[in-house]
There are 2 protein chains.
Amino acid sequence: MKMNKNNTEENIIQAAEYEFIERGFEGARMQAIADKAGINKALLHYYFRSKQKLFEVIFKNAFKLFIPRILNVFERQDLDFFEKIEAFVENYLNILAKHPHIPGFIIHELANNPSSIAKIVQEIAPDISPIKSQIEAEITKGTILNIRPEHIILNVLAMSIFPIVASPIATMILFNGDKKQYATLLAERKNHVSDFIIRSIKNPNFK
Amino acid sequence: MKMNKNNTEENIIQAAEYEFIERGFEGARMQAIADKAGINKALLHYYFRSKQKLFEVIFKNAFKLFIPRILNVFERQDLDFFEKIEAFVENYLNILAKHPHIPGFIIHELANNPSSIAKIVQEIAPDISPIKSQIEAEITKGTILNIRPEHIILNVLAMSIFPIVASPIATMILFNGDKKQYATLLAERKNHVSDFIIRSIKNPNFK
DNA sequence: ATATAATTTAACCAGATGGTCAAAAGTAAT
DNA sequence: ATTACTTTTGACCATCTGGTTAAATTATAT
């Protein structure tokens, strides 16, 4: 019996995405992927030669989502720097809310550091130098305090990503495991994070 | 031949710690642990009945390190709230620097959420209500802005933990893979993080 | 229709993996 | 020295896992 003629590959990718992101490379099972895709395990190897190859496809996809369209926002001429931060945080938190398991997946797989995927990261990694220079320009103008751009970038990412990556523990510690309360907190952060950042970097003596 | 009479158990734990934290539960191999402990694989099962049991011991230890002695710092009467934050961040970043792989380990294993370890977390999870009430008291006093305590706590943890958990990607994105530069940045954060937090929560109109 | 190429499957395989067992080696007490 | 107990080992096992192969099925072109 045969129902899908051409979307087999897409089925596999979707199934693999779920399995790899949910269980990690080591935890993922080719059989589970085959089952979820509704196909034979041998067909998996027909489309993607090995677990490793299939994984690399999934990882690449995931990493592209993880590396946000920051750059777009920071190229916009119609926003001042603070507005750019606001726009970025809101966009990014929305993306993360849709794909909450991606960051943890990336981080974990990259910690196990097989050079194969490190290479992928290097290829897709974005160039943040424009953002750095924008921050430096703002510092020169005097609108924001003299803080190393890397700290600011890291703080924005940390405050955006960490609450999602660490949501199980955070839920436990902050709300004794109550997921609804934690979801509410996460929703609040769309405004909170950018406010928090801006309050801390803004030069109170400007003008 | 027999060299260690009684420290076998300790050898096992150390070896298992390394293996589990480095490779995760799924990636860890009992054989590797046995080898690293310099013993037979059967002896592993003699001391700890199963991989799962051994893992739970390691996880518990790791989690105790991950959950910092926050509370101690926040009970000190000789520090005002801002000084407490400074002390906490410095202490915590020092602990994390000594055990950089723990947070990622905890987060990843908890994401795979087998109820067995969720139970462990629940048992050891600290009570943060004293910190919450301290923050609320400061808000009432007017020393800090009206921000939900949970956001502040989450931000402190995020800015402390994330740069370490995500160090491979962060190093890649911020410094094109230059680990030394990233290490320098991490060192700077011992002052940066608390300053950044305090600047953002301090009420500029107080008194 | 028929030859050709692409897709799919069932059956298998070798190696790895967590775990067991009975016997050996070591330790301590009488 | 014998007994009794604990610690350690080598050999082994059932199962799982990624991967292969040859044959069957389906699609495509002539």
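Throughout, a chain's letter reflects where its sequence line sits, starting with A, and its residues are numbered from 1. For the numbers below, each heavy atom of this structure counts, side chains included, while hydrogens, waters and symmetry mates do not. What you see is a predicted model; the values in this text were computed from it and never measured.
- Between B:R29 atom CZ and C:dG15 atom P there is a gap of 17 Å when expressed in whole angstrom units.
- The side chain of B:I39 sits closest to D:dT9 out of D:dT7, C:dT8, D:dT9.
- At a cut-off of 3.5 angstrom, the base of C:dG18 holds at least one donor-acceptor pair with the side chain of B:K41.
- Taking atom NZ on A:K53 and atom C1' on D:dG18, their separation rounds to 15 Å, with Å as the unit.
- At C:dT7, none of the side-chain N or O atoms of A:T8 fall inside 4.0 Å of OP1 or OP2 (strictly under the cut-off).
- What separates CZ of B:F20 from C1' of C:dG18 is a distance of 11 Å, to the nearest Å.
- Spacing between atom CD of A:Q31 and atom C1' of D:dC16 amounts to 10 Å, rounded to whole angstrom units.
- Side-chain atoms of B:Q52 and B:E56 form a donor-acceptor pair, as typed in the model, at a separation below 3.5 Å.
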Walk me through it: do B:R199 and A:L145 pass the test side chain to side chain contact (heavy atoms under 4.5 Å, CB included)?
CA-CA 11 Å; B:R199 233 183 289 129; A:L145 298 174; 3.4 Å; yes
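- Of the listed nucleotides (C:dA10, D:dT20, D:dT9), D:dT20 has the atom at the smallest distance from the side chain of A:H45.
- Among the heavy atoms of the strands, none lies under 4.0 Å from A:A34.
- Under the 6.0 Å cut-off for aromatic ring centres, B:F196 and B:H192 qualify, their centroids lying closer than that.
- Residue B:A42 places its side chain closer to D:dG10 than to any other of D:dG10, C:dT7, C:dG19.
- One interatomic measurement links the two molecules: CG of A:L43 to P of D:dT21, which rounds to 16 Å at whole-angstrom precision.
- Atom CG in B:N40 sits roughly 13 Å away from atom C1' in C:dA25 (whole-Å rounding).
- If you take CE of B:M30 and C1' of D:dT15, they are 16 Å apart, rounded to a whole angstrom.
- Nearest nucleotide to the side chain of B:Y46, out of D:dG18, C:dT8, D:dT8: D:dT8.
- In this structure, B:F74 and B:F88 have tilted ring planes: the angle between them lies in the 30° to 60° band.
- Relative to the side chain of B:K51, the nucleotides C:dG18, C:dT8, D:dG19 differ in distance, and C:dG18 lies closest.
- Rounded to whole Å, atom P of D:dT7 lies 12 Å from atom CZ of B:F48.
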I would like to know whether A:R23 and B:E26 meet salt bridge (charged side-chain N to carboxylate O under 4.0 Å, His left out); could you show each step before the answer?
CA-CA 9 Å; A:R23 312 210 190 290; B:E26 292 285 352; over 6 Å; no
